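This is a predicted model, so every value here is computed, not measured.
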There are 2 protein chains.
Amino acid sequence: MNDQDRRSMPLFAIGIVMKLTELTARQIRYYEEHDLIHPERTGGNQRLFSFNDVDRLLEIKDLLDKGLNIAGIKLMLQEEMVETKEVLPKPTSNELSDKELRKILRTELTDAGRHGKTNLRQGELSRFFTNH
Amino acid sequence: MNDQDRRSMPLFAIGIVMKLTELTARQIRYYEEHDLIHPERTGGNQRLFSFNDVDRLLEIKDLLDKGLNIAGIKLMLQEEMVETKEVLPKPTSNELSDKELRKILRTELTDAGRHGKTNLRQGELSRFFTNH
DNA sequence: ACCTGATGTTAGGTTTTCTCACACAATTAA
DNA sequence: TTAATTGTGTGAGAAAACCTAACATCAGGT
């Protein structure tokens, strides 16, 4: 079992995720509804979150604080997905404009980061539970 | 927040602990009842386990497999506690014989380990969720 | 003033967990 | 052998946590 497997293992009920992220259940479910996260489910349909999920939620929270809306956040996170994906589907014209958008957003945020709190970008929560 | 804090942070409901350890709820509660573990509780009295708790449960399981009973296991784990404690209470005559017992047990187990499966001794589960 | 997007709140139902009690098989003790 | 003890299974009833769905609210933007 490699590191990525561990980080994507479903472990946390929504209650603890609320505490870890300081988000409400409503918010967390809303973000799932809009495809920002995809937690697993128990046999009885209860959400089970992984470290990755919690990390994403912390990113979402941070991006919201920076003024992004769900659509913008989705693009940002989608960017990360693509970066770590194997083969990209051949870009449609729509994807191209998405890429443009993401570029703009990223520039914007990087700029904002220069005189605000630091950009997180990766593994906020995992950094807590990981040695180095 | 240091590593030990992270490892003792209450995170897991009993359901996932069951899966992680392959123990039944009955067993887990029984071990708690006999002071082998001390999981936290939510405001609503539900158990919340830490990485350390899960590690201990895996140790307990292993020691049970090796034929120890609860009393023996308690001594073993108590040994570990003592090793990481600040100031030891001045040993009573009873404590002395405990120490003797632990020594015997440890020898026994170490010996058994030499021609069985390897001795675990530390952080079984954490090893899963920790880089190096 | 009117949308829309994000979140709060409430209701009713289901799942998970809780304690407590009793059963039982396997040891250990008498 | 018979009698306690130990570790675990199982079931009942209650409480906690979670689920979806609906409606409310409130700030921004048009």
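With sequence neighbours excluded, the residues forming a side-chain contact (heavy atoms from CB on, under 4.5 Å) with A:Ile70 are A:Tyr30, A:Tyr31, A:His34, A:Leu36, listed by chain and number. Residues forming a side-chain hydrogen bond (donor to acceptor under 3.5 Å, both in side chains) with A:Thr42 (at least two apart in sequence, or on another chain): none. Shown here are the side-chain hydrogen bond (donor to acceptor under 3.5 Å, both in side chains) partners of B:Ser8, two or more places apart in sequence or in another chain: there are none. Taking the side-chain hydrogen bond (donor to acceptor under 3.5 Å, both in side chains) definition, one finds that A:Asn69 meets it with nothing, sequence neighbours left out.
Here the C1' atom of nucleotide C:dT7 and the OH atom of A:Tyr31 are 8 Å apart, to the nearest Å. Between the CE atom of B:Met18 and the C1' atom of D:dT8 there is a distance of 13 Å, given to the nearest Å. Atoms NZ (A:Lys61) and P (C:dT7) sit 11 Å apart, rounded to a whole Å. In this entry the distance linking NE2 of A:His34 with P of C:dA6 reads 6 Å, nearest Å. Between the OH atom of A:Tyr30 and the P atom of D:dT20 there is a distance of 16 Å, given to the nearest Å. Look at CG on A:Asn69: it is 11 Å from P on C:dT7, rounded to the nearest Å. Atom CD of A:Gln27 is separated from atom C1' of C:dT9 by 14 Å (rounded to the nearest Å). Atom CG in B:Leu23 sits about 14 Å away from atom P in D:dG7, given to the nearest Å.
Here A:Asp65 does not pair with A:Lys61 in a salt bridge; the nearest charged N to carboxylate O distance is not below 4.0 Å.
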What does nucleotides 18-30 of chain C look like as a protein-contact string, B for base, S for sugar-phosphate only, - for none, at under 4.0 angstrom between heavy atoms?
BB-----------
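Contact annotation: B:Thr42 side-chain N/O to D:dA17 OP1/OP2 distance is under 4.0 Å. One finds a side-chain N or O of A:Thr24 lying less than 4.0 angstrom from the OP1 or OP2 phosphate oxygen of C:dG8.
The salt bridge (charged side-chain N to carboxylate O under 4.0 Å, His left out) analysis of residues 33-45 of chain A, with sequence neighbours excluded, yields the pairs A:Glu32-A:Arg41.
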